[in-house]
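To keep things clear, I will list the structure first and then write my remarks on it.
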Amino acid sequence: MAKIIDGKKISAAVREDIKGRTAEFIAETGVTPGLAVVIVGDDPASKVYVRNKKLGCEGVGFYSVVCEMPADTTQSELMAKLEELKGDDKIHGILVQLPLPKHLDEKAVLEAIPPEKDVDAFHVVNTGKIMLGDYSFLPCTPAGVMKLLEYENIEVSGKECVVVGRSNIVGKPMAMLLLHANGTVTVCHSRTRDLAEVTRRADILVVAIGKADFITGDMVKDGAVVIDVGMNRRTDGKLTGDVDYVSVEPKASAITPVPGGVGPMTITMLLENTLTAAKQSIK
Ligand code: NDP
C-alpha cells in the first residue's frame, strides 16, 4: 500500500513556519509583506483561487489587496493598474490571476510585472533564473512538489524522474527543479510516442496534463513515487487528478491524492515568495 502524501498537513506545517518568519521579519524591520492579486472578469474558479490566496495571506500575517476589474477591462487599463501597484511600497508581490479574458495580451501583462515583484515567477527574467538554478522566486506548483518530496524524505538525486506535461507554468519548471536536485529527467508531452514505456521507467513520476484519470496502473513501475498535479472537474462536480488513483495506488510506494495533495502547496509557495520579495525589497 502506498504512503499517502498529505499535502494539507505539509502545507499547514510550512505555513506555520512562514508565519513565524513573517512575525520575526515584521518585528525586525517594521515592514509587513504585501501581496496584490489582480483579477479581471468573474470566472467562478478564478474567484475561488483569489479568495484562497487572500485567506492564505491573512493566515500568515501579510497585508493583501484584491484588485477586481471588470471583464471588459482594456489592455491599457490593466497596464495602468500594474503600474500603480509597481510603485506601491506596501506591495511586495503582484499576481495577475490567469486565464485573462481573450482580448487581453497575457504575455505583455506578465512582462509588465517587475521581476522583483513577480511572485508567480512567470516573468522572463525569473523563468531564465529558474533555468540557471539561481532563482529569486520559486515556480509555485513545482516548488510545492519539491517541498512535498523533501517533507517525505524522498531523495531525488540519481533517480529516474519522468514529468508528463511541458507547460511553462508546471511541466518545464518542474523538470528544471528535479534536474537541479540531480534527478535524471525525461519530459513527456502529447507527441511522446510510447508514453507508457517512458512512464514505467520512473522512480518519481510527476503528471501535469489536465486529463482526468489518464495515467493508469499499467503505466507505473512497482514502488514508484507518483505526484499528481492535475485538477480536473468531473461532470458530477468532483475534483479528480490526472492519475487513476484506484489502479495506481496499489503499485506506488507513495502518492499524492487529489484533492489534498499538490493543490494546497501552490498557494503556500506563493506566500513563501511574497516573504522573499519583502525581504529583498529592503536590502
Ligand atoms: P497545459 O494544458 O498548459 O499543458 C498540458 C501539457 O500536457 C502539455 O504539455 C501537453 O502536451 C501535455 N499533454 C496533454 N495531453 C497529453 C497526453 N495525452 N500525453 C502526454 N502529454 C499530454 O496544462 P497545465 O500544465 O497548466 O496544467 C496541467 C494540469 O495541472 C491541469 O489539470 C491543471 O488544472 C493542473 N494544475 C494544478 C495546479 C495545482 O496547484 N495543483 C497548478 C497548475 C495546474 P503538448 O505540449 O504536446 O500539448
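Not measured: the values here are computed from a predicted model. In each ligand, atom 1 is the first atom listed, and ligand 1 is the first ligand listed.
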Pairs in or reaching into residues 145-159: which pass side-chain hydrogen bond (donor to acceptor under 3.5 Å, both in side chains), with residues at least two apart or in two chains?
Lys3-Glu152
Run through ligand 1 for me and note each protein residue having a heavy atom under 4.0 Å from it, chain first, then residue number.
Thr141, Val164, Gly165, Arg166, Ser167, Ile169, Val170, His189, Ser190, Leu195, Ala208, Ile209, Gly210, Lys211, Phe214, Val229, Gly230, Met231, Asn232, Val262, Gly263, Thr266
Could you check Asp88 against Lys117 for salt bridge (Lys or Arg N to Asp or Glu O under 4.0 Å), going step by step and ending with a plain yes or no?
CA-CA 11 Å; Asp88 186 339; Lys117 292 192 177 187; over 6 Å; no
Applying a strict under-4.5 Å side-chain criterion to I, L, V, M, F, W and Y, I'd like to know whether Phe137 and Leu82 cluster together.
no
Same cluster or not: Ile227 versus Leu195, using hydrophobic residues (I, L, V, M, F, W, Y) connected whenever any side-chain heavy atoms lie under 4.5 Å apart?
no
Does the side chain of Tyr245 come within less than 4.5 Å of Ile255's, by heavy atoms?
yes
Does one hydrophobic cluster hold both Phe122 and Val38, with members joined at side-chain heavy-atom distances below 4.5 Å?
yes
